[in-house]
Each structure stands twice: as structure tokens, then as C-alpha cells.
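Atom set for the values below is all heavy atoms of this structure, side chains included, hydrogens, waters and symmetry mates excluded. Worth saying up front: this structure is predicted, and the values here are computed from it rather than measured. In this chain, residues are counted from 1 in sequence order. Whatever order the structure lists ligands and atoms in, that order sets their numbers, starting from 1.
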Amino acid sequence: MTDLTVPVLIVGGGGSGLAASVFLSDLGVPSLLIERHPSTSPHPKAHILNGRTMEILARHGLADAIYREGSPPENSSAMVWLTSLGGDAPYDRKVLYRTGAYGGHQLAQRYALACGSRHGNLGQRWLEPLLRNQAEERNPGGVLFGHQLDAIGQDADGVDATVTERRTGRTLRIRARYLIGADGGKTVGPLLDVPMLGTPTFLEWINLHVRADFSPFLKHDDAIVNRVCSLSEDGRLQHCGVVPMGPKQWGRHSEEWTLMFARPPGGPSGAELPDAEVVRMVRDTLKLPDGYPMHINSISHWPVEGTVAERFAVGRVFLTGDAAHRHPPSGALGLNTGIQDAHNLTWKLAAVLSGAAGPNLLDGYQRERRPVAERVVERALLSLFNQIAISAGTGVVAGAAPEWNKAQLTALFADTEDGRLRRALLAEYFDTNRITSAHLGLEMGYDYADAGFVLPDGSQPPETDPLGLAYVQTARPGHRMPHAWLYRDGVRVGTHALLVPGAFLLLTSGPADGWVAAAEAAATRYRTRITVAAVGTDLVDRDGTWTELRGHADGGALLVRPDGFVAARTGPTADPPAMLDNGLRAALSVTA
Ligand SMILES: Cc1cc2nc3c(=O)[nH]c(=O)nc-3n(C[C@H](O)[C@H](O)[C@H](O)COP(=O)(O)OP(=O)(O)OC[C@H]3O[C@@H](n4cnc5c(N)ncnc54)[C@H](O)[C@@H]3O)c2cc1C
């Protein structure tokens with residue numbers, strides 16, 4: 001008794017599920033997305049979309065709208081730490097530290113060299129409707145909000161899902177070839193008994209979405225995140241993120257904000273605290289003047305853990321986003337990793353469903369993405385705990401007498417040799433925070449070389465930066481294709497803009513004749529699409545960057561997977577068909 005049959009059922013209409021829906025539509029795969037809530041999330045939550053995510057979204061025509069709706073780069077390029085917004089102690093209203101973040105200021109050149117897309121900054125409350133509109137437009141009738149997954153069964157050929165339409169209570173039975181669990185970990189993983197490994201909930205995050213004019217209290221317009229570390233009357237450092245959310249004006253003049261703070265375990269949970277008490281705690285931390293207007297739109301609670309699903313796939317069911325990995329927001333990696341999961345999985349599903357790839361290709365999803373998630377979770381935890389270094393640098397000691405701690409903070413801002421020393425030292429502590437907001441190597445530098453779905457060429461990987469800051473671009477198989485600017489008819493085009501959803505890219509250097517014919521034959525043979533781009537023929541490498549990065553001599557080529565990762569690389573060869581054969585066999589997991 002099946003009401004609906006569909007190739008792919010997506011459970012969850014958050015960022016990762018909606019992105020999967022858009023990607024599948026662009027790949028020509030029919031899908032159905034169900035989301036239990038009647039609408040997208042009302043909470044701002046994630047807002048920073050890194051260059052890798054934006055480069056993916058650009059390929060699906062989503063980046064321009066995000067840049068348009070989100071903050072301009074000049075309003076999202078720094079992290080700023082403050083002692084408070086209000087207050088009149090000698091140490092109040094001071095800037096503790098300010099530094100470029102997410103590709104801003106001193107980081108700009110390094111980020112621009114690595115990626116043709118700059119980061120985006122748009123709260124999930126605004127991003128999700130944008131993704132939902134695009135998902136609905138590309139898949140009319142295929143996005144059902146107000147529908148909840150209740151049960152899953154599967155056999156060798158497909159998945160059976162029992163779904164309830166929440167408004168009417170009507171039950172729908174859906175049969176799908178594959179299911180994507182993008183449900184934040186609420187249902188699919190638990191139904192399949194997939195354990196989450198790592199650090200269980202250890203903190204509670206409380207987020208307030210507010211409307212307020214904080215411009216009188218702020219000096220800088222470039223903060224993507226302001227962090228207040230204020231000293232309470234009883235001598236404790238209290239922390240609160242003050243994040244501009246736009247939506248029309250940005251920087252100091254943002255109309256809406258997320259105020260976020262963490263509560264350690266032990267005391268009453270945030271949910272037990274009356275809203276008025278939560279608001280009082282935040283106002284005290286910020287030292288807002290009594291009665292200063294601040295309208296509360298919503299208060300939400302978020303249990304923070306650091307976990308990775310033991311398996312990312314159970315039979316024909318795949319977990320993406322927070323269903324597969326959950327961690328603190330430090331480093332802004334959650335939604336980014338979720339969208340990148342969806343990108344990695346959907347081209348594989350499309351290739352298997354079309355018959356171009358063998359079903360084993362789907363094993364590659366877990367093999368490629370789980371190590372990435374493990375690294376992200378470890379780093380997000382480490383970044384969070386590194387905040388302790390910043391507290392230590394202020395000289396304030398937890399548990400010390402209030403007067404002693406007040407004297408420490410006063411001394412920090414004194415115009416004396418001792419004050420200058422303290423501030424210089426504090427800057428060193430703060431500088432360690434670059435592992436949180438300048439981690440280009442973490443964002444871009446992961447690779448899939450050892451997962452078994454590319455053709456190794458015997459080369460060694462570049463050395464990785466243990467701090468995750470530096471990112472060395474390489475065209476080695478298994479790594480993200482390097483970014484470089486090329487020119488076609490005088491118009492600048494980034495290497496990643498050469499990718500077409502679902503198609504392999506054959507990027508040749510020098511004369512391309514033999515390659516074009518070989519690519520056409522291979523595309524037919526492997527029932528796939530191969531776009532050929534020829535540097536030196538239709539594309540010009542004006543500044544030689546591509547020639548430096550490509551890692552092969554003229555006459556050679558790179559075969560790049562639809563997700564932008566290099567499948568195979570060769571120097572000049574008399575046998576282009578063999579290179580394509582071997583590369584496609586590895587990348588599609590076929591034996592033909
Ligand atoms: C304060 C805060 C700040 C953050 N900042 C960032 C940031 O700057 N950058 C970043 O990348 N990440 C950030 N994150 C993390 C980010 O919000 C999450 O990683 C992201 O929301 C995960 O997306 P998702 O689609 O995987 O899951 P979710 O957003 O949780 O979406 C899952 C959806 O599935 C639905 N669902 C669940 N069960 C069912 C069911 N049975 N049937 C149907 N639907 C179901 C839910 O209703 C939900 O809508 C932040 C998080 C918080 C709280």
C-alpha cells in the first residue's frame with residue numbers, strides 16, 4: 001500500500017535537506033522533501049557560509065541571492081571582543097581585541113588566492129526561506145512542509161517511509177530508492193539505532209533573537225561577531241556573543257541581533273529559567289543601561305555536544321548535516337559541513353540512479369565525509385575550549401576576590417608600562433583564536449585521496465598545517481581542484497565556475513585535440529557527461545597561476561569529479577582514452 005514512489009526521499013527541511021533538494025533537482029533526480037514544521041526555522045542560528053560552501057552554491061545559482069540578502073563583506077570581516085556595551089567602571093566599554101576573520105582584513109589576500117567565492121553572511125532564518133523557494137521552484141509539489149517521518153523500513157531495493165501530514169493526521173506511505181536523513185538527528189538516526197560517538201551534551205547554548213539599536217555602544221562596523229566578556233559585580237567574567245543579523249542594515253546599525261551565551265551543566269537548565277530571568281542575565285552581561293529598549297523576538301535553547309554518527313549510511317539511508325555530526329558553533333562549521341555533505345552525496349546518488357556508477361560509489365559517502373566530520377567536530381570543540389585562553393589573558397582569575405579581579409581589568413587598560421605589557425600579552429592570547437576564524441586550511445584543505453574513489457598518481461600530499469590555517473592548493477587526485485582565474489574571450493572565469501552540476505570536467509593544458517575526441521567517447525561509454533575546457537586553447541592562463549598549480553606539463557589533463565575534486569591527473573600522454581577509462585572507473589566505481 002504505497003501512496004507515493006520517488007527515487008529519493010529527503011527528511012528535514014533545514015539547510016542540509018533543502019540544499020540536497022536543490023542539488024538533486026539540478027541533477028535531474030526527482031525527490032520529495034518532508035519537513036515536520038509548517039515553515040522554516042524562525043531562529044537566526046547559523047549565518048557564516050564559508051568560501052567552499054559559497055563556491056558550491058554558486059554552481060547551483062544560489063550564491064548571488066545570498067550575497068544580495070546577506071551582509072556586505074565590509075560588515076562581516078572581523079571578530080571584535082569588548083568588555084561590555086554599557087557600564088561605567090574604568091574597564092567597561094573597552095575593545096579588548098579586534099582582528100580580521102573569515103577572509104577579512106589581513107586574511108583577504110590568502111582567502112582570495114584560494115577560492116573564487118568570498119564567504120556569505122546570512123542568518124538561517126533568512127537563508128532557509130530562500131533555499132525553500134528555490135527547492136520548490138525547481139521541484140514543484142516535491143517539498144512538503146508539515147509532514148513528519150514516523151517510521152522507516154528497508155529491503156534490498158528500497159526504503160519504505162511512514163509519514164504523517166500533521167495538519168490532518170493523514171498517513172502517507174512513501175517508497176523511495178534512497179532516503180537522506182537531514183533531520184538534525186531527531187528521527188532517522190535514532191530509528192536505525194545509529195550511535196553518536198564522542199562528547200555528549202556538555203553545555204547548553206541559549207540564543208536570544210532581538211530587535212535593538214546597539215549602535216550607540218559599538219565602535220566598529222566590520223564585526224561578523226562581537227563578543228562581550230564583561231566583569232560582573234562579584235568579579236566573574238561573563239560572556240555573550242552579540243551578532244549582527246541585518247536584515248536591512250548591517251554593522252553597528254543592524255536592526256536585529258542574536259545574543260548567545262552558554263550555560264555549564266549543573267544549575268537549572270535554560271528551559272527551566274523563566275524568559276525574564278534569561279533576559280536579565282543577558283542585560284547584566286552586556287551592562288545595558290536600565291530600561292534600554294530591546295525587543296525579544298524569540299529565545300531558543302540548544303544542547304551542545306561534540307559527536308559524530310558511528311555510520312553515515314545504513315543500507316539505503318544516508319545521514320547528512322547535524323544528523324551525522326553535531327558540535328559547538330565555534331568556527332561556524334555546522335551548516336557549512338551539512339551543505340557540503342549534501343553536495344558530496346547527491347552527485348553520487350544521481351550517478352548511481354542513472355546507471356553511470358556502480359552502487360559501491362555510495363560507500364564513498366561515508367568513507368569521504370566521516371573523516372571530514374570527525375576533524376570538524378574535534379576542531380569546533382578545541383576552538384570552544386580555547387576561549388579559556390582568552391579569559392586567562394585578561395588576568396581575571398575565576399574564584400579570586402572581586403576587588404582583585406576588578407584591579408586586574410583596570411590595570412589592563414592603564415596608560416602605563418604595565419598596562420601596555422598586559423595588552424601586548426593579551427593580544428598573544430587572542431591571536432590563538434585564529435584557529436576559530438582564520439582556518440582556511442580546515443575549511444578547504446580536507447581531501448578524499450585515501451577513500452578509494454580517485455586514481456592515485458603516486459604523488460605525495462602537501463604538508464598540512466596542524467593549526468588548520470594554511471591551505472596549500474594542489475591538483476593531486478583526491479584534493480579539491482585548485483582555484484585560479486582563467487580568461488575566456490577576455491572574461492575572467494574561476495576554475496570552479498567551469499564545473500557543471502553532475503558533469504565531470506576534463507581540464508586540459510596545451511593542444512586539446514586528442515582529449516576532446518577521447519572525452520566524447522568516454523562520456524558515451526560511461527553514460528555520463530564530461531565538459532572539456534582547454535587551457536591554452538579556449539582559456540588563457542594570463543598570470544601563470546594555473547600552470548603553477550596544475551602539477552602536470554603541457555599536453556596533460558585533469559579529470560575533475562562533479563563535486564570539484566580531482567579524480568585523475570596525467571602529464572602528456574599518447575593514450576588519453578586510457579587515462580579517462582581509469583579515472584572514470586575509479587570515480588564511478590565501475591568495472592567496465
Ligand atoms: C546559535 C547558533 C549559531 C550557529 N552558527 C553557525 C554558523 O555560523 N555556521 C554554520 O555552518 N553553522 C552554525 N550553526 C550550526 C547550524 O545551525 C546547524 O549545523 C544546522 O542548522 C544544521 O542543519 P541541518 O539541516 O543538518 O539540521 P537542522 O537545521 O536541525 O534541520 C533539520 C530539520 O529536520 C526536521 N525534522 C526533524 N525530524 C523530522 C521528522 N521526523 N520528519 C520531518 N522533519 C523532521 C526539523 O524540524 C528541522 O527543520 C549554528 C547553530 C546555532 C544554534
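- Listed by chain and residue number, the protein contacts of ligand 1 are Val11, Gly12, Gly13, Gly14, Gly15, Ser16, Ile34, Glu35, Arg36, His37, Lys45, Ala46, His47, Ile48, Gln124, His147, Gln148, Leu149, Ala182, Asp183, Gly184, Lys186, Thr187, Asn207, Met260, Trp302, Gly321, Asp322, Pro329, Ala332, Leu333, Gly334, Leu335, Asn336 (heavy atom within 4.0 angstrom).
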For Thr320 and Asp341, what are the C-alpha separation, side-chain angles and deciding distance, and is it a side chain to side chain donor-acceptor pair (under 3.5 Å)? CA-CA 6 Å; Thr320 63; Asp341 291 340; 5.5 Å; no
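- Residue pairs meeting the side-chain hydrogen bond (donor to acceptor under 3.5 Å, both in side chains) criterion with at least one member in residues 276-285, sequence neighbours excluded: Glu277-Arg280, Arg280-Asp284.
- Take Thr199 and apply the side chain to side chain contact (heavy atoms under 4.5 Å, CB included) test, not counting sequence neighbours, and it matches Phe202, Leu381.
- Not counting sequence neighbours, the partners of Thr53 by the side chain to side chain contact (heavy atoms under 4.5 Å, CB included) test are Leu49, Asn50, Leu57, Asn336, Ile339, Gln340.
- Leu349 pairs with exactly one of Ile180, Leu361, Val29 by the side-chain contact (heavy atoms from CB on, under 4.5 Å) rule, that one being Ile180.
- Remark: Arg59 does not engage Glu55 in a salt bridge, criterion side-chain N to carboxylate O under 4.0 Å.
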